[in-house]
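Have a look at the structure below, then the notes.
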Amino acid sequence: MALILRSVARSDVGLVREGNEDSGYAGPRLLAVADGMGGHAAGEVASSATIDELVHVENGVGERDALETLNAAVVAANDRIRQLVLDDPRREGMGTTLTALLWTGADIRLAHIGDSRAYLLRDGELRQLTHDHTFVQTLVDEGRISASEANIHPARSLILKALDGKPDPEPDLDVLEVRPGDRLLVCSDGLSGVVSNETLRDTLMSRRDLGQAADALVELAMRGGAPDNVTVVVADVVETASPPASDDTAEAYLVGAASGGEDPPVRSGRRRPSTAVRSLLGSSGAARAEPDTDPEELRYAPQPPRRFRWLRRLALVLAVAGLVWVGARLAEDWLRTQYYVGELSGHVAIFQGVSQEIGPVTLSRAHEPVEGLPVGALPDVYREQVSNTITADNYSEAMGIVENLRSAACAAHAVQEPPTTEPQTGTDAGGATNEATGTEGSTARVGAGVAPTEQPTQAPTPTPTPRPLPTAPPGYPGLECPEGS
């Protein structure tokens with residue numbers, strides 16, 4: 001017994017939109033829905049081109065390289081959108097979501113980007129296979145809001161990832177196991193944003209015919225107001241004893257903007273703009289402004305059209321460069337007012353700036369070397385302070401610190417000279433020296449009628465020679481001290 005896919009697709013413009021920017025495809029191996037975005041920027045062109053690229057992977061896909069092939073098709077679709085924008089700058093801002101399921105005959109390979117969804121109904125349980133790339137989904141993932149709050153959040157449709165021509169689209173890729181009896185649903189947010197998961201499950205279970213199930217889902221979106229385009233792809237995994245000999249004979253559905261309506265197919269490259277795009281064009285083909293903003297542009301492309309993108313980028317670069325220049329000048333002016341005393345080549349020096357480095361950039365420079373003051377001449381406590389740097393509020397204070405260091409060094413290494421001594425010649429009887437004669441004598445009292453008494457002359461008494469004082473160590477080499485220190 002072999003497994004095959006049977007599928008149908010439906011799409012409707014809804015009750016609010018003027019044109020259908022959704023595109024859908026349901027074939028024997030590929031199920032895909034692309035929700036074009038950008039409003040006036042031709043979102044239907046983006047979705048159509050994306051489906052057109054994806055259809056090519058349906059033929060000749062082996063099980064081993066199916067996921068790589070699907071991812072390559074997504075990248076090709078993104079590149080095609082970029083080329084379409086380059087060909088016509090008025091398309092700047094257009095893009096599309098994409099949810100694609102590729103059947104290999106044994107399992108399903110999934111590629112997803114944006115907020116279109118894929119579901120699996122199995123044994124009465126409906127499970128969402130994709131993860132929305134939306135702002136509110138990130139809030140739910142972070143636990144900041146609940147899933148029920150996300151359904152009524154004002155930014156619930158703001159998507160964060162899409163195929164918009166920018167490099168590296170990075171879609172979610174996965175491999176899904178399926179069983180006989182499984183039912184698959186791929187849809188745009190025109191359905192999932194209006195109809196609850198419980199209603200989707202009940203509808204898919206109650207209508208076994210694929211066409212009736214798809215029609216019922218579109219009708220539910222209409223009853224809910226259908227504020228957006230609605231595109232639905234429903235498929236069953238069926239077990240069969242006689243699979244078709246070739247996929248070429250199987251029925252395929254191309255719906256929405258990709259179907260082209262009365263226009264030629266997208267592959268011809270001559271597809272005419274949709275009604276929404278034609279409303280922007282005059283007889284000359286030039287775009288004219290609309291007074292009202294399309295809600296689709298606000299939902300999916302909140303940035304303004306970047307027609308002069310390079311000018312804005314240049315202005316941004318210049319603005320950033322200006323801020324950096326102003327900041328650098330302010331920082332340089334502030335550094336010029338900062339001083340500290342430190343070591344330079346073994347000598348004390350005055351530095352301007354701060355004693356720090358940012359990577360290879362040094363935030364200071366030697367402002368003035370100090371002559372005759374080696375760091376090694378300083379006492380240990382001052383030597384350590386200089387090694388760690390001594391900050392000063394200004395240059396005068398830095399000079400004062402240097403002079404204090406010099407004084408400390410000179411005091412520590414001053415040379416002590418022995419004091420000069422004179423020999424004693426003699427003392428008088430009262431302890432005074434008789435300099436005139438070098439002899440000891442007594443002083444006569446002077447009183448009324450008393451004459452001084454003469455003393456006999458005596459030999460001088462020799463004075464012992466004083467012992468020399470110890471000499472201090474010599475001064476530090478290279479240390480220059482002021483006179484008198």
Side-chain angles (χ1 to χ4, degrees), residues 7-26 31-37 39 43-44 47 96-97 99 114-121 124-130 132 134 136-137 140 146-159 183-236 253-259 261 274-276 292 294-296 298-300:
S7 59
V8 298
R10 301 285 190 270
S11 186
D12 196 285
V13 69
L15 301 178
V16 177
R17 302 291 176 198
E18 293 183 1
N20 195 344
E21 294 186 320
D22 285 0
S23 292
Y25 179 81
L31 313 175
V33 168
D35 183 355
M37 60 187 183
E44 73 275 12
S47 67
T96 183
T97 69
T99 300
D115 64 347
S116 298
R117 291 182 178 180
Y119 296 88
L120 171 64
L121 177 67
E125 180 182 355
L126 185 68
R127 178 166 64 95
Q128 183 175 334
L129 301 176
T130 54
D132 293 347
T134 60
V136 294
Q137 184 61 51
V140 174
S146 64
S148 58
E149 291 173 330
N151 292 331
I152 59 175
H153 196 280
R156 60 186 176 275
S157 295
L158 179 61
I159 65 173
R183 174 163 283 189
L184 298 164
L185 169 65
V186 186
C187 63
S188 63
D189 69 330
L191 176 68
S192 59
V194 176
V195 182
S196 67
N197 287 356
E198 291 78 8
T199 304
L200 293 177
R201 179 198 61 199
D202 295 342
T203 305
L204 291 172
M205 289 182 60
S206 62
R207 291 167 174 80
R208 299 310 306 170
D209 180 78
L210 289 173
Q212 293 179 3
D215 291 336
L217 292 173
V218 173
E219 181 62 27
L220 287 171
M222 293 296 181
R223 293 179 184 178
D228 201 354
N229 307 142
V230 184
T231 300
V232 173
V233 173
V234 184
D236 285 340
Y253 295 81
L254 190 63
V255 298
S259 66
S274 67
T275 304
D292 299 326
D294 192 320
E296 190 77 358
L298 298 178
R299 289 181 61 192
Y300 294 115

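The two atoms that bring S11 and N20 nearest to each other are OG-ND2, 2.9 Å, heavy atoms only. Considering every non-hydrogen atom in both L217 and L200, the closest pair reads CD2-CD2, 3.7 Å. Residues S116 and T97 come closest through the heavy atom pair OG-OG1, 2.7 Å. The minimum heavy-atom distance linking V230 with G190 is given by the pair CG2-O, 3.8 Å. When all heavy atoms are compared, the tightest approach of I159 to M37 is CD1-SD, 3.4 Å.
Put simply, CG on L31 and OG1 on T99 are 11.0 Å apart, with the number rounded to the nearest 0.5 Å. If you take CZ on R207 and CG on D202, they are separated by 10.0 Å, rounding to the nearest 0.5 Å. One finds the CD atom of E125 at 11.5 Å from the CG atom of N197 (value rounded to the nearest 0.5 Å). S23 contributes atom OG, which lies 7.5 Å from atom CG of L254 (distance to the nearest 0.5 angstrom). L184 CG to Y119 OH: the interatomic distance, rounded to the nearest 0.5 Å, is 13.0 Å.
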Output, in order, the C-alpha distance, side-chain angles, deciding distance and verdict of side-chain contact (heavy atoms from CB on, under 4.5 Å) for R223 and E219.
CA-CA 6 Å; R223 293 179 184 178; E219 181 62 27; 3.7 Å; yes
Between V194 and L220, is the side-chain contact (heavy atoms from CB on, under 4.5 Å) condition met? List the steps.
CA-CA 8 Å; V194 176; L220 287 171; over 6 Å; no
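For the residue pair T96 and S47, no side-chain donor N or O sits within less than 3.5 Å of a side-chain acceptor on the partner. A donor-acceptor contact closer than 3.5 angstrom is absent between the side chains of D228 and S188.
Judged purely by atom type and a 3.5 angstrom limit, R183 uses its side chain to pair as donor or acceptor with the backbone of L204. Side-chain atoms of T130 come within 3.5 Å of backbone atoms of A118 as a donor-acceptor pair (strictly under, hydrogens ignored). In this structure, N229 contributes its side chain and G19 its backbone to a donor-acceptor pair below 3.5 Å. In this structure, R156 contributes its side chain and T134 its backbone to no donor-acceptor pair below 3.5 Å.
Partner T231 forms a side-chain contact (heavy atoms from CB on, under 4.5 Å) with one of L191, D22, D189 and no other, that one being D22.
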